[in-house]
Amino acid sequence: MGLTGIQIFKLLPKTNCKECGYPTCLAFAMALATGKADLDSCPYVSDEAKAQLAEASAPPVRPIQVGTGNRSFKLGGETVLFRHEKTFLGPPGLGVLVTSDTDEGTLAEKLKVWNTFQFERVGLTLRPELVALKDSNGDSRKFAALAQKVVDESDFCLVLMSNDISTMKAGIDASIERRPVIYAATKDNVDDMGGLAKEKGLPLAVKADDMDGLMGLTDKLTDMGVKDLILDTGSRTVRRAFEDQIWLRREAIMKKNRALGFPTITFPCEMADNLDKETVIAAMFIAKYAGIIILSDLIGESLFPLLVQRLNIYTDPQRPMAVEQGIYEINGPGENSPVCITTNFSLTYFIVSSEIEASRVPTWLLIMDTEGLSVMTAWAAGKFVGDAVGMFVNKCGILDKVKHKKLIISGYAAAISGDLEEEVKGSEVLVGPRDAAQIPKFLKEYAA
Ligand code: SF4
């Protein structure tokens, strides 16, 4: 971040050989400066220039990979303060606290329940990612046994929380395959925790009571070669913690303060006396700007809204969510089954397909690429008009799968029926309901 096209140009070979796909080195430099090109596209950049450019182009909030497997996730990588400027990139990990005085059987029961919290929405699986295991009694064997249990009986990633280095080592040995986060380096143990994080190649949380303390620790750790850091400002009141999150993000993005350019970890579980309040605090942290959020428990009614909120905030506001164009078979259609056509806006697809599924009528659903626009918007934008839809029907292969040419379109697209019939020779276009809830009734009547 921060280098202009001209500054980048000065570091390039200036031979204009075009191998990067750009006509000149200057054009390539300009594309790099705006994030449209990848430095690796030029095979002739010197190692020294590469190092300078990589450092300069690193995002102001360091991206950090947490965990392994199904629930692993990437924190940070953010480049803006507001999502209308550019998509937020690193959705916060949601986790639950377990203290080391928890009975192993109780943890197993809890994991069984937490494992079930996986929600399908617009084609994505939403789920929490973490168990934060907190050393509450200094019993390193128990700590390791619980870490092992999480590994054996779930695919949750782990945050290991202990001030004691031998307890931390025991927990890491039991769960190294999950690449746990070490929590936390403080002024009292920074050398030990930093050394351990470096030796094991693990992300390390850093905790201090104020920003100067945090900067001192992150400077020291980065000098030691530990770069995957996660910040805890130590604040446990809502107001202070909220202000800290914003202050940290501003320091990283507006002031390019590398010492604070790391994702954060937050603990609503230590900021409220009941899960409802924790959930509200967690919702605040999803919006502003936590990297990891730890709750005292996971229950569906608080977790689901948080997962959906996270999904909504961390999707590109300028690009509608879309599904792939193609022919979708619902309820096992055959050559006489109805053929419905709609657009590839995710919400449209999932609403229409679930209503068709509910109707139990075997149906072909044709999804046309309208760049993620809904039927009405796509029609108004000229992307879901008779000749375009007709061309798609003719080419997609559906006419080889059915014996008829009856095509069902949404009531919102009634205006295209004439043009569509003209484009698909011999077809009959039926106008379906506007309201998706009426689809089952419509299809059942069609099939009767
Ligand atoms: Fe210049 Fe490198 Fe592109 Fe060649 S490949 S034009 S040297 S930037």
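Indexing begins at 1, ligand by ligand and atom by atom, following the structure's order.
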**OP:** May I ask which of Cys25, Pro43, Ala27, Cys20 has a heavy atom nearer to atom 1 (Fe) of ligand 1 than the others do?
**Re:** Cys25
Original post:
Going by the atom numbers of ligand 1, which of them fall below 4.0 Å from some non-hydrogen atom of Asn16?
Top reply: 6 (S)
**OP:** Determine the interplanar angle of the Tyr314 and Phe88 rings, folded into 0 to 90°, and report it as parallel if under 30°, tilted if 30 to 60°, perpendicular if over 60°.
**Re:** tilted
Original post:
Does the pair Lys200/Asp173 count as a salt bridge with the N-to-O cut at 4.0 Å?
Top reply: yes
Original post:
Can you tell me the protein heavy atom closest to atom 4 (Fe) of ligand 1 and the distance?
Top reply: Cys17 SG, 2.3 Å
Subject >> Near-ring test Phe28/Phe9, centroid separation under 6.0 angstrom >> reply: no
Subject >> Subset of ligand 1 atoms that lie under 4.0 Å from at least one heavy atom of Lys18 >> reply: 4 (Fe), 6 (S)
**OP:** Fit a plane to each ring of Tyr349 and Tyr328, take the angle between them on a 0 to 90° scale, and name the class: parallel (under 30°), tilted (30 to 60°) or perpendicular (over 60°).
**Re:** tilted
Subject >> Closest protein heavy atom (residue, atom, distance) for atom 2 (Fe) of ligand 1 >> reply: Cys42 SG, 2.3 Å
Subject >> Nearest neighbour in protein (non-hydrogen) for atom 8 (S) of ligand 1 >> reply: Phe28 CD2, 3.4 Å
Subject >> Heavy-atom nearest neighbour in the protein, as seen from atom 7 (S) of ligand 1, with distance rounded to 0.1 Å >> reply: Thr15 OG1, 3.3 Å
**OP:** For the pair Arg178 and Asp155, find out whether any cationic side-chain nitrogen is under 4.0 Å from an anionic carboxylate oxygen.
**Re:** no
Original post:
More than 12 heavy atoms of other residues, nucleotides or ligands under 6.0 Å from CH2 of Trp364: is that the case?
Top reply: yes
